[in-house]
Amino acid sequence: MTADLNESVKKENIKIHVKGLKKAFGKLEVLKGIDAEITTGEVICVIGPSGSGKSTFLRCINRLEEATGGEILVDGESITDRKADIDRIRQHIGMVFQQFNLFPHYTVKENVMLAPVELKLKSKADAEKKAMELLKRVGLEDKADAKPRQLSGGQQQRVAIARALAMEPDIMLFDEPTSALDPEMVCEVLDVMRELAAEGMTMVIVTHEMGFAHDVADRVFFIDQGIIMEEGTPEQVMDNPQNERTQSFLSKVL
Amino acid sequence: MSLFKVLGEAYPMFLDGLSMTVRITILSLIIALVIGIFVCLMNISNNIVLKSIAKFYIWLIRGTPMLVQAFYFYFAIPQLIQGVTGTQFRIDIFTASLITLAMNAGAYISEIFRGSIEAVNKGQMEAARSLGLSYAKSMQKIILPQAIRICLPSLVNQFIITLKDSTILYAIGLAEIMNKAKVYVGRTMESFATYTWVAIFFLAIVTVLSLVSRTVERRMNS
Ligand SMILES: Nc1ncnc2c1ncn2[C@@H]1O[C@H](COP(=O)(O)OP(=O)(O)OP(=O)(O)O)[C@@H](O)[C@H]1O
Ligand SMILES: [Mg+2]
């Protein structure tokens with residue numbers, strides 16, 4: 001009875017359920033069957049060698065890549081189903097890219113306001129108020145009227161995070177958000193992400209920042225050869241890896 | 001100097017011809033822009049039929065000289081229609097010229113549009129879609145505004161080419177500047193002066209166009 005109850009409580013808390021996810025580009029099999037249950041508020045860091053499919057895994061979660069097998073449920077709803085209303089589902093899954101991808105023809109504030117206004121979720125005035133709040137939060141309220149190209153990389157990435165947060169997502173996906181940054185700007189972006197994690201956002205983060213991953217992750221996924229080779233707490237996976245390939249990967253990056 | 005004597009004598013003819021040249025160019029470019037948008041949309045769509053039609057059209061226009069296209073629209077197609085329907089069918093010179101120029105420029109403009117859309121960083125569409133914007137909204141708000149900036153120089157270049165290509169229509173008898181010049185030379189033998197003026201007219205228009213486009217570009221980029 002209690003076991004059943006626990007089981008159902010756990011089920012309810014599963015935010016992202018990945019079942020046997022497969023992805024091939026033509027003949028190249030990149031993901032060969034990924035299984036994962038990510039609960040609400042959990043912070044997952046995904047690590048692994050270059051070309052192992054980390055980005056592909058992340059991009060399948062908001063269907064920027066179409067899975068070629070398996071299923072992904074978000075809040076119990078299949079997003080891999082062809083009939084799924086993907087635009088609606090994406091509204092509550094924020095994504096931050098390695099290359100920021102800010103819209104260069106809009107100001108910083110307009111970047112942040114655009115989606116809520118275009119999707120008629122907020123009036124212009126409300127969206128603007130929210131945008132200014134978010135920019136303040138990432139420490140960039142004074143840049144509201146600047147164009148993206150006038151900002152440093154770290155500043156651009158913080159705007160990109162604010163832009164994603166403007167949709168009030170309950171999941172945030174990060175694909176190597178600091179890899180394109182000069183070393184001195186990495187911290188300012190990681191700090192914003194730490195804060196988000198502390199507030200209970202469900203986050204999936206692909207990163208090469210091992211120290212950060214160790215600090216912030218509830219669980220770490222080591223992806224290699226198209227599967228999750230090893231998973232567990234940072235202490236388990238990073239300090240005391242069991243799998244030979246994890247050991248060899250970590251010895252190279254640490 | 002005979003240059004100015006010729007201008008003084010022939011300017012009413014030149015003006016007539018130039019006005020026709022400018023009119024046919026502007027009208028055909030307006031139509032070509034519409035053709036360009038639709039053919040580009042067909043070309044980038046996932047519908048294999050629409051895509052094939054677009055590619056076939058571009059292939060035809062690119063692969064044939066404009067002189068042949070002009071003869072085709074003015075002589076060949078009317079004859080075909082006449083043969084099929086069995087009734088008298090003629091197309092006037094202006095219409096045939098307009099179709100030729102518009103179809104020709106339309107194909108190139110559609111390729112300019114496609115190239116510009118493809119030149120917008122792929123990450124832009126992904127960022128827009130990841131926020132929950134539809135494909136159409138992302139195109140409208142994110143991709144197209146950037147593509148327009150990118151395409152502007154090539155578009156002006158195509159306008160210039162079309163303006164100059166309109167002289168080819170003299171061959172089917174359109175009363176544009178080249179045609180008027182030829183008639184004038186036939187009467188007076190003033191080849192050098194006449195064709196010098198024709199060249200100067202084109203240089204002047206093209207120079208003004210280039211200056212305007214550079215100003216617009218500079219304003220858009222600031
Ligand atoms: N659109 C695509 N078409 C074809 N192959 C692709 C495509 N996207 C990714 N791949 C291939 O899939 C494999 C996994 O790519 P992915 O980007 O997921 O790796 P990654 O783990 O994120 O690597 P990195 O650490 O370098 O970012 C690579 O071999 C890559 O070349
Ligand atoms: Mg990657």
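So you know, we letter chains A, B, ... as the sequences are listed, proteins then strands, and number each from 1. What's counted below: heavy atoms across the whole structure, side chains too, no hydrogens, waters or symmetry copies.
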A/D175 CG to B/E126 CD distance, which is reported to the nearest 0.5 Å
9.5 Å

So which of A/R88, A/H92, A/R163 has the biggest tally of heavy-atom pairs under 4.5 Å with chain B?
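Top option by heavy-atom pairs under 4.5 Å: A/R163.
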
Are B/K137 and A/D87 close enough for a salt bridge, meaning some N to O gap below 4.0 Å?
no

Under 4.5 Å from a heavy atom of chain B, the part of [X] involved:
X	value
A/I93	backbone
A/F100	neither
A/E118	both

More than 12 non-hydrogen atoms from neighbouring residues, nucleotides or ligands closer than 6.0 Å to [atom1] on [X], yes or no?
X	atom1	result
B/F38	CZ	no
B/Y170	OH	no
B/K51	NZ	yes
B/Q79	CD	no
B/K55	NZ	yes
B/Y11	OH	no
B/F202	CZ	yes
A/F25	CZ	yes

Flag side-chain contact, heavy atom, 4.5 Å: [X] against [Y]:
X	Y	value
A/H105	B/R149	yes
B/L133	A/L114	yes
B/K141	A/F103	no

Within the side chain of A/N62, is there an N or O that forms a donor-acceptor pair under 3.5 Å with the backbone of B/S130?
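Such a contact is absent between A/N62 side chain and B/S130 backbone.
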
Give me the atom names and distance for the closest heavy-atom approach of A/P104 to B/Q124.
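Looking at all heavy atoms of both residues, the closest pair is CD-OE1, 3.4 Å.
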
When you look at A/R90 and B/L131, which way does the side-chain contact (heavy atoms from CB on, under 4.5 Å) test go after all the steps?
CA-CA 6 Å; A/R90 279 177 182 147; B/L131 290 164; over 6 Å; no

I'd like to know whether A/R63 forms a side-chain contact (heavy atoms from CB on, under 4.5 Å) with B/R129, so could you lay out the CA-CA distance, the side-chain angles of the two residues, the decisive distance to 0.1 Å, and finally the verdict.
CA-CA 10 Å; A/R63 223 167 95 180; B/R129 297 304 305 275; over 6 Å; no

